[in-house]
Amino acid sequence: MAKGAAIIWFRKDLRLADQPAVSAALALGGPVVGVYVWSPEEEGGWPPGAAARVWLHEALVDLDRSLRRRGARLVLRRGGTADELLEVAKQTGAKSIFWTRRYEPWSIQQEAEVEKALSHVGLQTRSFQGNLLHEPDQVRTGSGTPYRVFTPYWRAVEKLDVAKPEATDASADRSWGQAWKKAASLSIDSFELRPAVRWDRGILERWDISEQGAHTALSRFLKDKAADYARQRDLLAVGESEGEPGDGASRLSPYMHWGQISVRRVWHETLHRASRSATTRLGCEAWRRQLAWREFAHHVLFHFPWTLDQPLNRSFSSFPWRNDDKHLRAWQRGRTGYPIVDAGMRQLWTTGWMHNRARMIVGSFLTKDLRIHWLEGARWFWDTLVDADAANNTFGWQWVSGCGADAAPYFRVLSPASQEKKFDPQGRYVRRWVAESRAPRGTDAYPQPIVDHARVREAAIRAWRAMSKGE
Ligand SMILES: Cc1cc2nc3c(=O)[nH]c(=O)nc-3n(C[C@H](O)[C@H](O)[C@H](O)COP(=O)(O)OP(=O)(O)OC[C@H]3O[C@@H](n4cnc5c(N)ncnc54)[C@H](O)[C@@H]3O)c2cc1C
């Protein structure tokens, strides 16, 4: 590889530790320039939503701060990625460029364009696997097709070695040099990622949006929650503390989505922790199995990129979804009159995150009780989740609405009342997010249920039967 300055093109890998692109660039021994290009037009019609932009802003501030501690800066650009990278290469005299691969269809195309433009002028390029445990096309079924069912996928993936994280932090050991000074950079504020009306306080108060925050979240999970994960992962409220109830989940999803922590490190740390006790081993195994759903979702999107807006199960193309703006708005605002549904939607709105069990409950309610298209749900989540992820979100919505890979059958309609009893038995989750639901019904404070669950459940199943018979 050539000497001279090297560029790291940061993407969904906003960290310095255990970051193969960073280590490879620094290993060359020349100056290294970190660049982030804000190019929402290149995100295939799915540019980061409002909550994700809030996260991105803070993550860029944090990455820049970390680089400053190492005597460098994050160079920020806005525009066509290939052109901006070429310009930075020209300004800094860079000879090579490194990045971490992404796998959404538009990212694959973007990388191909960047690769072509840069190698055309003689720059050396190299990309790395750094956001997943395995490449999404690493495993295939016996007949050579992609997996559509999780369990055999997991059996195949479980056998693969996961690369070990780097033992030392290369970003702190080596010099970054001064080449970044020659590159023109915008300010982070000029990207306008933060909302003009500051509705984002609920997010900022609850999350430490930094690389350090990601490591703290992992340590806390391992110390306080891993042993109980298998038993508690579905509960919406655990612990005794007053106020906002905690839960058994790790809340690592946004950190992994933005690449603020390396997934292989997380994997190996849970393996290491598992040796503590039999229950910790069970908890860590259950957690790694969940992490494998993330891998599976990427496998599915990689092989079936059209599932971003089309059902994997094609027979759902003729499903009679309902257009109903009033019901959609009630769902979005957490005013359906079903406390457990509304609690989930309000947790999402306030914190930018929702518990997995609640995602399943609100998803079932939208697509089965209200029979509204799963894409409406996916789009709302896209705008409001800090962990909004094309693979996981598409997969989750198709799974919950019965039209995706290994999906919950459409006729299995979750009953809000039974879900509440089972997963929020003391009502703490509902009390926290929908306190007024405990007041007399029909007052201004809390609406009557917008539909009758028993009746709409039957209607949904009839619609599904008719679709299945091709009526
Ligand atoms: C309708 C719907 C939409 C979803 N949208 C997203 C999304 O946009 N982004 C996202 O990261 N996750 C999404 N999920 C998956 C899951 O709800 C979240 O990953 C999880 O709630 C994140 O919290 P956690 O990190 O505390 O999870 P934990 O319970 O601690 O699980 C650990 C990790 O495993 C992975 N994981 C767990 N469950 C799933 C799952 N069902 N599918 C894929 N990966 C999983 C996540 O990376 C998660 O961080 C969605 C699920 C549903 C049902």
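Counting starts at 1 for both ligands and their atoms, following the listed order. In this chain, residues are counted from 1 in sequence order.
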Please confirm whether [X] comes under 4.0 Å of ligand 1, counting heavy atoms of the residue only.
{"X": "R251", "result": "yes"}
{"X": "F395", "result": "no"}
{"X": "A388", "result": "yes"}

Check: [X] ring centroid to [Y] ring centroid under 6.0 Å:
{"X": "H299", "Y": "H303", "result": "yes"}
{"X": "Y147", "Y": "F296", "result": "no"}
{"X": "H57", "Y": "F191", "result": "no"}
{"X": "F381", "Y": "W397", "result": "yes"}
{"X": "F10", "Y": "Y36", "result": "no"}
{"X": "W55", "Y": "W207", "result": "yes"}

For [atom], what's the nearest protein heavy-atom neighbour? Residue, atom name and distance, please.
{"atom": "atom 53 (C) of ligand 1", "result": "R359 CB, 3.8 Å"}
{"atom": "atom 10 (C) of ligand 1", "result": "N392 ND2, 3.3 Å"}
{"atom": "atom 8 (O) of ligand 1", "result": "D389 N, 3.1 Å"}
{"atom": "atom 15 (C) of ligand 1", "result": "N356 OD1, 4.0 Å"}
{"atom": "atom 36 (N) of ligand 1", "result": "Q290 O, 3.4 Å"}
{"atom": "atom 44 (N) of ligand 1", "result": "R294 N, 3.4 Å"}

Just let me know how [X] lines up against ligand 1, side chain, backbone, both or neither, with a heavy-atom cut-off below 4.0 Å.
{"X": "S253", "value": "both"}
{"X": "F221", "value": "neither"}
{"X": "W353", "value": "side chain"}
{"X": "W382", "value": "neither"}
{"X": "Y229", "value": "side chain"}
{"X": "M256", "value": "side chain"}

May I ask you to say whether R288 pairs ionically with E295, meaning some side-chain N is under 4.0 Å from a carboxylate O?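 Judged by the 4.0 Å cut-off on N to carboxylate O distance, R288 and E295 do not form a salt bridge.
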
Between [atom1] of [X] and [atom2] of [Y], what distance do you get to the nearest 0.5 Å?
{"X": "S364", "Y": "Q419", "atom1": "OG", "atom2": "CD", "result": "7.5 Å"}
{"X": "I361", "Y": "M345", "atom1": "CD1", "atom2": "CE", "result": "12.5 Å"}
{"X": "L414", "Y": "T367", "atom1": "CG", "atom2": "OG1", "result": "9.0 Å"}

Where does the angle between the aromatic ring planes of [X] and [Y] fall among parallel (under 30°), tilted (30 to 60°) and perpendicular (over 60°)?
{"X": "H355", "Y": "W353", "value": "perpendicular"}
{"X": "F221", "Y": "W287", "value": "tilted"}
{"X": "W399", "Y": "W293", "value": "perpendicular"}

Quick check: does [X] get an N/O under 3.5 Å from an N/O on ligand 1?
{"X": "L252", "value": "yes"}
{"X": "W287", "value": "yes"}
{"X": "W293", "value": "no"}
{"X": "H355", "value": "no"}

Name the option, out of N393, D247, V400, D387, that contains the heavy atom nearest to atom 4 (C) of ligand 1.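 Closest candidate by heavy-atom distance is N393.
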
Nearest non-hydrogen contact with atom 27 (O) of ligand 1 belongs to which option: A226, G49, S401, S250?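 The nearest heavy atom belongs to S250.
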
Considering only heavy atoms of G396, which atoms of ligand 1 have at least one such atom less than 4.0 Å away?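 That gives atoms 1 (C), 2 (C), 52 (C) of ligand 1.
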
